[in-house]
Structure formats: structure tokens, C-alpha cells
**Q** 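Okay, here's the structure, questions in a sec.
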Amino acid sequence: MPRPVTHPRPPLPVRRAAGAVASAALLLPLLGAAPSAAGTGANGLQRAFASAAARYHVPQSVLLGVSYLQSRWDTHAGAPSVTGGYGPMHLTDARTALATVPHHSEGTEDARGDSARRARHPRVRLPAVDEIPARLRTLPRAAELTGLSTAKLRTDPAANVAGGAALLADAQEYLGEPSSEDPADWYGAVARFSGADDSETAAAYANDVFEVMRSGQRRVIDTGELVSLAAQPDLDPRITQLDRAGLRQGSAEGTECPPGVSCERIPAPYEAFGTDDYGNHDEADRPASSPIRYIVVHDTEGGWEGVINLIQDPTYVSWHYSLRSTDGHIAQHVRVKDVAWHSGNWYVNANSIGLEHEGFLAQPDSWYTEAMYKSSARLVAFLAARYGIPLDRQHILGHDTVPGPTTANVRGMHTDPGPYWDWRHYFELLGKPLDATALAGSGVVTIRPDYAANRPAYVDCGGKGKGCAAHGSSAVRLYSDHDEKSALVQDPVLGGTPTTGVNDLSSRVSTGQQFAVAGTWGDWTAIWYLGRKAWFRNPTARPTAVPSHGVLITPRAGLGSVPVYGRAYPEASAYPAGVPVQPVSALPYTLPKGQRYVAGDRVPGEYLYAGAFDPSTHRVVEGKDLYYEIQYGHRVAFVRAADVTIVPAS
């Protein structure tokens, strides 16, 4: 970030030196005037980038590259990101944006999810940060540099771009570098723009921006405008500028992260305290002791500093990694070999890696930065390759798709990251786009709406019954018939009348999930869901789902229905002496005769006994009974392999 000042500075002058960054013929009408709304004509935002580039003598490609990594050039109608960043340049004003963030709790689950031990229900207590860090107050600084009001910088895309350009120019001046039309001369300024306080994170951010410039981008943004950045494949930035950026030296020592991301080690405590209790995870020896099958995506429901304080509290719970919104920085807290307490289901915990993303589920007018999406996707792809985890929605789970392990847990399970996480874009970044894999008429579909255009209405954001702002969504609503006036699909266990509450999962599916087709009617498709038919709109002109291959299971011949489980636990005879038997209790759902569900892994019943602080007392119990993981409703579930048979997906 630009060096701090104790008094406001006047707007940077409009310098008209020879070798201006952009064409004078194109920019003369715009120079010298305060920026105005970008959407006044075709490619208004593209012109705003050109104008700001000329006004502050920043290469236009640098402005476009930085903005793409922050917002993918979207304006978000002036709404802030999850960390209070506004506009295409993600200028941060956390004091304004987060002042009205409501307290939100979307579940009451025992994060450990192990019925053999006392439940761990930590009180939600996100500590207030004494001082808002510099990376979360760049918009007021941009107001000082440009002379524009903070309100205009928040709501006017062109003003916002100008503010970003002024910040970059100020960072260039801080480094003692001249204004240059060569993008290669702006590496240090881009690194400082990230807001990172360490060199490793700043470098990772700058490298991503320059990669955007090398490869080029072209995209229709949320205003309907086309914005483009020409590729510069031979761009070779002056990375030595970072040596003068005044940042502390970061370190990835002791982390398990891929190259190309910034990563630090902030360990979660493993210590005994109180009577028969310890925190906040279990030491293990995965994958030697037991396989790692899943990665679980969460959101933090709090800001970075508060979350980092929580993970270091031994009385709290734990997860493996946290990811920061502003720059994609990663902190690792629990070794991958060890078991974190994060998903509310001990079977899933024992076989998964948990990732917390800075953000809020029920704040739909907010958005996640591209920097965090990209960093998360790199981490997930790295972990998936290392541990043999397939990149699909049966293995890359949202916390909201983890099942309650027993009937008593079903109602309290969490619902993050919620309907506003962009799963379609996430899988594109993972290199596994959710494309059709079968011909029309397949018996399996993958849910894949257009995120930006798919805007189901929700309530309960910021208060019971309060409407949520219109927003792109990964979720698709389900009806009891092929008619939007029909009743929403009811969850037989949750009971009551289904609602459009942002945390009500009764009647919705999520992008990337796969289901067996149960029927079609005009523009509607029915799937098997929670033991019944569920319908969603799927018009040919704008499909909500695509035909796919998949493994389908159905009750074996002679069975009217089969039980459904929230965990794949071993049979009683598999437990050795000294390890308490965990009952295999079915959930109050069934898989009826004639219905089909998409299956993921075929796994043995397994239980990690970790009832004491000393890891030498832990035991992995593996049974002979096998289970299929299935996509049963919004959440996954398990059925005994002996109860079902595989059928063709046609």
C-alpha cells in the first residue's frame, strides 16, 4: 500500500508528458475532468480504464490486470465485497461496509461430530479488531489522492477506476520509480496495491496480475459491457522492485501449499486443558492411517483478524487452512495428516481437509474476490493431486452438503458457503469445467445454471423475513410439480412448510451436483431427491442442467426401500477390545424402490477412535461392510452396498 500520510494530499496533476500511455486522440475529451459514470455508452468501463490510465500515467494493461484479479471487472452495482471492497478496483472501506454486517449463525452443530466424545459447541465470538488494517481502508486514501468523495468512489465505476489508478501511481512514487508506459516497470507498485504486509504475499499477488496481462482476458461484465485486455505474452516484470517495497519478509516454512500462492503457518494449538478435554484437533497419520477423500469448503462468518485469533484458541474448533479475501493469502493451521474439527460429522472430518474462506453466507450483496477464488482453486487442485481426491462435487464438498451423522444432528448442520459461492467458476479455475459429458437423454444431469443470470429470491438476510438482495447464485429451487406455483419440495425430516430462507436447504440443489432424471415436462426436468420427485425449470434455450455420465444405484430386487446413513461406520464385530462400538444408526430417510441416485465412492465402513489427548491411543477401525456415497438431497448421504445394485444411466 502507499506509505501513510498525516494530512490530505491534493489530486495528482494531469501530466501530459510525451509518450502518454494511451492514444491522445481517444482520450483528449476525457482528460482533466473528474470521472463520470462508466455505463453511459458502449464499453463505458473500457473507456474509464483508458481515461484513468492517461490521467495518472499508469499503463492501461496494469489497471486492467489489477482490476481483473480483484473483481473480474464487475461493478457489483456499488455493493461491497466480503471485506468491504468496492467497484472494479476493489477499493476497501471496511469501516463503512462492515458497520452493518448482522451477526449470523447458520447452524448449531457439534463441529467435531463425534458421538463418542462430549460435544464441542463453541460460542461464536469473533473478536473486534482494535485497528482496521491498511489493506481494508484503501478507498479513503484514494479519496485523498483524487479529490473525489468516498461515496462517488464507492458507487461510480469510472471514479473507482480512477481511484485505483491514483493508488498505483502513489505506490510507484513511493518506490522512487518514474511513471512509465512499460507495464514491466510497475511490478513493485502492483505488489504494494495488494495491501499485503509481507513480500511473499505481495509477490504472489503481483505475479497473478502479470499472468493476467500475459494471457489477456475478454469478458462481458455484470453491466452487459464487453471489457478486454490484449495478451502480452513476452511481458517480463522488474521483480527486483519488490526489494524496495518496505515489506516484511514472509515465510512459507512448514506449510503444505502449492507453488504460486502465498502461504504461512499459524498453528492451531494441540494441548490438554481442563478435565478430559483438549483442543482443538486430533493428531493422526493420514493418509497412512486412513485415506483423505474429501475437501470441505467453508466461509468464516467473520473477518480475517478475528478468525486468526479464534484458530489459536485451544477451546475453540479448527480447520486446516484459512484464505484471505483481499489478496488470496493462505494460512495453514492444522497439518494435513491431522484431523481438524470443522464439518460437524466425524466420519467426514476424519477423511477430509477443511478450508475456511473469509466471507459471510447471508450477505448476498457482497462478493468474493477473484484473488481468493484463484488461490483456493490452486490449493484444492494441489491437495487433490497429492491425495488422489477426484475434482467433483461428491468429493469437493460445501459445508452445506455434509450430512448430519445421526438423526439428532440433522437440524443443526451448517449451511455455508451458501447459495452465493460461485461453484461453476470455481471448477473452471480447478481445470474441471462442469461441461456436458453425455448426450441429451442421459439418465444423469449435472446442475449448472448461469451464475449471473440465476437469481432466485431469498429471505432472512440480516433479519428474520428480511429480503436478500438480488444476486447471482449457484443454487436452483425445486418444486413438487412442473409449475413455479406448486409447493416447494419438503424435507421429511426438517418438516414444516419449506421456505425461501437463505439457510433453508429443503428444496434446492447446487451447481455441480449430479442427480438421476425422474421425468421431463416441456421446459421442466424432474430428479430423484430426498426420496421423491423434485422439479426444476430447465429450458432448452438456457439450460439449468447438462446431461452427464454417472453411476446410478437403486434398491436391490426384493427390497421396498433401503435405509440412508449420515456416515459410513463399521459393523460392531469390527471393533477391537478397548474401542467403544459406535452404533450404525440410519437417518430418518429412505431410498425407495424404483428410485435412482448418483453414487460417488464405494468405501468401507471406517471409524477413527481418538478419545484421548495421546495420539498413541488412537485406533482406526475398518469394517467389512461397504457403502456408497450418494447425492441424496442437497446433502450427500451413504447407503450400504449390500442393499443396492448399480443400474445403467439411460
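These numbers were taken from a predicted model, which means no experiment stands behind them.
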**Q** Which atoms form the tightest heavy-atom contact between Tyr420 and Val502, and what is the distance?
**A** CE1-CG2, 4.0 Å
**Q** Closest approach of Arg448 and Thr511, non-hydrogen atoms and distance?
**A** CA-CG2, 4.3 Å
**Q** Indicate yes or no for a side-chain donor-acceptor contact from Thr401 to the backbone of Gly398 under 3.5 Å, with no hydrogens or angles considered.
**A** yes
**Q** SG/Cys461 to NZ/Lys466 distance, rounded to the nearest 0.5 angstrom?
**A** 8.5 Å
**Q** List the atom of Arg112, the atom of Trp346, and the distance in Å for their closest heavy-atom pair.
**A** O-CE3, 3.3 Å
**Q** Give a yes/no verdict on a cation-pi contact between Arg596 and Trp528, requiring under 6.0 Å between NZ or CZ and the six-membered ring centre and an angle within 45° of the axis.
**A** no
**Q** Short question: side chain of Glu358, backbone of Trp304 - any donor-acceptor pair under 3.5 Å?
**A** yes
**Q** Using modelled atom types and a 3.5 Å cut-off, is there a donor and acceptor pairing between side-chain atoms of Asp523 and backbone atoms of Asn538?
**A** no
**Q** Would you please indicate yes or no on a ring centroid separation below 6.0 angstrom for His471 and Trp367?
**A** no
**Q** Given side-chain hydrogen bond (donor to acceptor under 3.5 Å, both in side chains), test Tyr86 with Thr92 step by step and report yes or no.
**A** CA-CA 6 Å; Tyr86 290 86; Thr92 54; over 6 Å; no
**Q** Establish, yes or no, whether a centroid distance under 6.0 Å links the rings of Trp524 and Phe536.
**A** no
**Q** Check the pair Asn351, Ile292 against side-chain contact (heavy atoms from CB on, under 4.5 Å), reporting the backbone distance first and the verdict last.
**A** CA-CA 5 Å; Asn351 291 276; Ile292 300 172; over 6 Å; no
**Q** Examine distances only and state if a side-chain atom of Ser81 and a backbone atom of Tyr368 form a donor-acceptor pair shorter than 3.5 Å.
**A** no
**Q** Is the shortest distance from a Lys or Arg side-chain nitrogen in Arg378 or Asp208 to a carboxylate oxygen in the other one below 4.0 Å?
**A** yes
**Q** Are the side chains of Asn503 and Leu361 in contact, using a 4.5 Å heavy-atom criterion?
**A** yes
**Q** Any idea how Trp521 and His482 line up, ring-wise: parallel (<30°), tilted (30 to 60°), or perpendicular (>60°)?
**A** parallel
**Q** Within the 4.5 Å heavy-atom criterion, are His333 and Trp319 side-chain neighbours or not?
**A** yes
**Q** Hey, do the aromatic rings of His342 and His298 have their centres closer than 6.0 Å?
**A** yes
**Q** Step by step, would you call Asp504 with Ser506 a side-chain hydrogen bond (donor to acceptor under 3.5 Å, both in side chains)?
**A** CA-CA 6 Å; Asp504 188 341; Ser506 301; 2.6 Å; yes
**Q** State the CG-CD1 distance between Leu383 and Ile389, to the nearest 0.5 angstrom.
**A** 6.5 Å
**Q** Answer whether the closest heavy-atom distance between the side chains of Glu109 and Asn409 falls below 4.5 Å.
**A** no
**Q** Report yes or no: is the cationic atom of Arg293 (NZ for Lys, CZ for Arg) under 6.0 Å from the centre of the six-membered ring of Tyr387, at an angle within 45° of the ring normal?
**A** no
**Q** Within a strict 4.5 Å, meaning less than it, do heavy atoms of the His634 and Arg508 side chains meet?
**A** yes
**Q** Keeping the roles fixed (side chain from Tyr589, backbone from Pro492), state whether a donor-acceptor pair exists under 3.5 Å.
**A** no
**Q** Can you list the steps and then say if Leu45 with Thr223 is a side-chain contact (heavy atoms from CB on, under 4.5 Å)?
**A** CA-CA 9 Å; Leu45 190 61; Thr223 62; 5.8 Å; no
**Q** Atom CG of Leu434 and atom CD of Gln513: how far apart are they, to the nearest 0.5 Å?
**A** 11.0 Å
**Q** Closer than 3.5 angstrom, by distance alone: can the side chain of Ser442 be matched with the main-chain N or O of Ala438 as a donor-acceptor pair?
**A** no
**Q** Verify, without hydrogens or angle tests, whether Arg411 (side chain) and Leu494 (backbone) share a donor-acceptor contact under 3.5 angstrom.
**A** yes
**Q** Starting at CG of Asp400, measure out to OG of Ser510 and round the result to the nearest 0.5 Å.
**A** 6.5 Å
**Q** Please lay out, stage by stage, how Glu370 and Arg72 fare under the test salt bridge (Lys or Arg N to Asp or Glu O under 4.0 Å).
**A** CA-CA 7 Å; Glu370 182 70 358; Arg72 290 204 293 162; 3.7 Å; yes
**Q** After noting the C-alpha distance and the side-chain angles of Gln631 and Phe515, does the key distance pass the side-chain contact (heavy atoms from CB on, under 4.5 Å) rule?
**A** CA-CA 7 Å; Gln631 188 65 61; Phe515 294 90; 3.5 Å; yes
**Q** Verify the distance criterion only: is there a donor paired with an acceptor across the side chains of Thr446 and Ser548 at less than 3.5 Å?
**A** yes
**Q** Given 3.5 Å as the limit, does a donor-acceptor pair link the side chain of Asp416 with the main chain of Asp299, or not?
**A** yes
**Q** Got a salt bridge between Arg154 and Asp93, using NZ or NE/NH1/NH2 to carboxylate O under 4.0 Å?
**A** yes
**Q** Check the orientation of Trp423 and Phe427. Use parallel for under 30°, tilted for 30 to 60°, and perpendicular for over 60°.
**A** tilted
**Q** Within the structure provided, determine whether Thr83 and His90 are in side-chain contact (heavy-atom separation under 4.5 Å).
**A** yes
**Q** Nearest 0.5 Å, please: how far is CG in Leu226 from CD1 in Ile221?
**A** 9.0 Å
**Q** Which heavy atom in Ala649 sits nearest to a heavy atom in Gly550, and how many Å separate them?
**A** CB-O, 3.5 Å
**Q** Can you confirm whether Thr369 sits close enough to Ser71 that some side-chain heavy atom of one is under 4.5 Å from a side-chain heavy atom of the other?
**A** no
**Q** Under 3.5 Å, is there a donor-acceptor pair between the side chain of Ser473 and the main chain of Pro456?
**A** no
**Q** Strictly under 6.0 Å, is that where the ring centroids of Tyr451 and Trp421 end up?
**A** no
**Q** Pro555 and Gln595: which non-hydrogen atoms are nearest, and at how many Å?
**A** CD-O, 3.8 Å
**Q** For the ring pair Tyr347 and Phe638, is the centre-to-centre distance below 6.0 Å?
**A** yes
**Q** Which heavy atom in Ala371 sits nearest to a heavy atom in Thr326, and how many Å separate them?
**A** CB-O, 4.2 Å
**Q** Is the shortest heavy-atom distance from the side chain of Leu397 to the side chain of His399 under 4.5 Å?
**A** no
**Q** Give, for atom CG of Leu587 and atom CZ of Arg567, the distance between the pair rounded to the nearest 0.5 Å.
**A** 9.0 Å
**Q** Any sub-3.5 Å donor-acceptor pair from Arg393's side-chain atoms to Ile396's backbone N or O?
**A** yes
**Q** Any side-chain heavy atom of Tyr479 within less than 4.5 Å of one from Val489?
**A** no
**Q** With salt bridge (Lys or Arg N to Asp or Glu O under 4.0 Å) as the criterion, how do Asp74 and Arg219 come out once you've worked through the C-alpha distance, each side chain's angles and the decisive distance to 0.1 Å?
**A** CA-CA 10 Å; Asp74 283 335; Arg219 183 170 182 263; 3.0 Å; yes
**Q** Could you walk me through whether Asp222 and Thr75 pass the side-chain contact (heavy atoms from CB on, under 4.5 Å) check?
**A** CA-CA 7 Å; Asp222 58 359; Thr75 68; 3.3 Å; yes
